2 protein chains.
Amino acid sequence: MVPAGFAEERVMEKRGDRLRDVLEEEILTGVLRPGDRLEELQLAERFGVSRTPIREALFQLSAAGLIEQRPRRGTFVAEVGPKRLMEMFDVMSELEAMCARLAARRATPEDLAALRRAHDGCAAAAERGDFDGYYYENEIFHEKIREASRNGFLVEQADALQKRLKAYRRLQLRARDRLRASFEEHDAVIAAIEAGDAEAAGEAMRGHVTVQGERFADLLASLERREAKSA
Amino acid sequence: MVPAGFAEERVMEKRGDRLRDVLEEEILTGVLRPGDRLEELQLAERFGVSRTPIREALFQLSAAGLIEQRPRRGTFVAEVGPKRLMEMFDVMSELEAMCARLAARRATPEDLAALRRAHDGCAAAAERGDFDGYYYENEIFHEKIREASRNGFLVEQADALQKRLKAYRRLQLRARDRLRASFEEHDAVIAAIEAGDAEAAGEAMRGHVTVQGERFADLLASLERREAKSA
DNA sequence: GTCAATCATCATGTATACATAATGCCGATT
DNA sequence: AATCGGCATTATGTATACATGATGATTGAC
């Protein structure tokens with residue numbers, strides 16, 4: 001029987017956990033690209049460890065959906081087609097909408113202040129046409145809304161799914177008008193949350209995420225068509 | 001590079017996968033109860049394998065949220081408190097509501113027929129006051145709605161979360177009136193889906209799942225209070 | 001020259017051996 | 001008597017050795 005309550009115990013991290021973080025980062029940033037093979041021996045040599053912790057890391061990434069393990073065949077960075085990407089964004093939209101609805105009902109004054117700061121950060125980045133900056137501030141904005149939902153489990157789920165989708169961010173179109181449109185959508189969301197209008201907040205957020213997903217999926221589809229033609 | 005399309009390849013299952021299934025079943029059915037310790041050596045001996053595939057199984061269960069691994073300390077069947085259980089049911093409600101909404105829009109005639117059959121199964125079980133039977137038919141009903149959403153990713157997420165919650169089903173109250181109330185809620189859901197009213201279907205489903213979650217959480221809270229008192 | 005079957009190669013799956021940190025016992029000290 | 005600290009124990013973390021199935025290259029038949 002394990003004691004019911006365990007506060008902040010500083011726990012030694014396993015090698016596998018650190019390796020997972022490194023590999024995850026490389027997948028999310030595109031150093032490792034969808035379809036790439038991950039060979040255990042090669043990774044073991046690269047990191048100077050045995051295969052055992054490597055396998056642990058791979059299992060964790062596989063469970064997170066970032067890689068795909070095919071027994072006896074090897075493991076590969078997950079490839080997501082347009083159809084599935086759309087499905088994932090549909091769910092993401094819903095989770096984010098739920099966060100926004102709950103945030104509208106439960107956000108504390110501190111939550112609202114943090115949210116407003118993040119929004120201002122987006123504004124500044126949009127103003128100067130700073131795409132990378134906007135991307136960064138945008139993540140904070142969404143994160144603050146999630147936190148304001150005051151549902152820890154929901155936050156975990158949303159974060160996990162966002163990670164899976166993040167690997168496809170490099171498909172993002174860098175259109176100036178999209179930057180402004182995104183910001184205006186944020187504006188509608190934050191206004192609804194501050195007004196305590198849960199339904200409006202949810203709807204605004206759903207639309208905001210969905211349009212982003214559609215753009216990704218369209219672009220991905222066109223890329224795949226091009227590849228198919230050239231192959 | 002992995003081939004883009006891989007049809008039905010019969011793949012050999014790993015031992016770890018089979019072990020995961022066995023342990024999962026034992027957790028979901030309550031043979032292994034929240035807080036129970038899982039010792040690798042002991043499990044290895046029990047199943048007649050080495051620790052390696054046992055560890056694989058544990059990693060998978062850990063990722064699924066069914067167990068908790070604390071480095072150097074051991075692994076335990078996950079314990080979920082009332083607060084977190086409520087959070088999880090809130091998310092479950094939302095996912096199921098989303099399934100219902102999508103089902104109302106996209107269900108094929110075959111989907112609707114299967115759904116109706118499942119509903120009739122529930123009716124029969126409720127009629128004869130068969131709690132176990134209703135539980136079984138109820139699962140099919142929900143599963144059919146999920147399938148009718150035609151969003152494979154959503155179905156996966158909903159299934160995964162349902163598994164995590166399933167471990168708490170033994171808390172279910174066996175009240176006859178709850179059986180009838182549940183059935184009537186189902187009736188509202190299926191009516192809205194058949195009518196193609198997405199919003200109504202979603203709302204009906206949300207309420208249906210939420211009320212169930214509240215009952216679980218209340219019961220769990222009362223159990224924990226009792227334990228705390230006796231300790 | 002093409003195709004298919006056989007076999008060598010190698011990455012993955014599994015077992016075992018070794019390393020190390022957490023746990024609990026026991027005795028010494030206050 | 002109670003508490004602290006050291007030591008033995010043991011389960012987990014890691015490395016290595018062995019087993020096995022997938023891959024593809026070679027060879028032979030047509």
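In what follows, chains are A, B, ... by sequence order, proteins preceding strands, each numbered from 1. Every value quoted in this text rests on a predicted model; they were computed, and no experiment measured them.
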Is the shortest distance from a Lys or Arg side-chain nitrogen in D132(A) or R174(A) to a carboxylate oxygen in the other one below 4.0 Å? yes

What is the separation between atom CZ on R20(B) and atom P on dG13(C), rounded to the nearest whole Å? 14 Å

Look at atom NZ of K14(A) and say whether more than 12 heavy atoms of other residues, nucleotides or ligands are closer to it than 6.0 Å. yes

Atom CD of E40(A) and atom P of dC10(C): how far apart are they, to the nearest Å? 17 Å

Return the value, rounded to whole Å, for the distance between atom CD of Q42(A) and atom C1' of dT12(C). 14 Å

Give the minimum heavy-atom separation between R73(B) and R37(B), together with the two atoms involved. O-NH2, 3.0 Å

Using a 4.0 Å heavy-atom cut-off to protein, can you give one letter per nucleotide of nucleotides 14-19 of chain D, 5' to 3': B if the base is in contact, S if only the sugar-phosphate is, - if neither? BBBB--

Distance, rounded to the nearest Å, where R70(A) contributes CZ and dA11(C) contributes P: 17 Å

Got more than 12 heavy atoms from elsewhere within 6.0 Å of CD, E156(B)? yes

Spacing of R37(B) atom CZ relative to dA11(D) atom C1', expressed in whole Å: 7 Å

Taking CZ from R73(A) and C1' from dA22(D), how many angstroms apart are they, rounded to a whole number? 7 Å

Just to verify, what does D218(B) make a side chain to side chain donor-acceptor pair (under 3.5 Å) with, not counting sequence neighbours? none

Can we say D111(A) and R106(A) salt-bridge, meaning some charged N sits less than 4.0 Å from an Asp/Glu carboxylate O? no

dA11(D) P sits how many Å from Q69(B) CD, rounded? 17 Å

Across the strands shown, which category fits I54(A) at heavy-atom distances under 4.0 angstrom: base, sugar-phosphate, nothing? nothing

Students often get this wrong, so: under 4.0 angstrom with heavy atoms, is L58(A) touching a base, only sugar-phosphate, or nothing? nothing

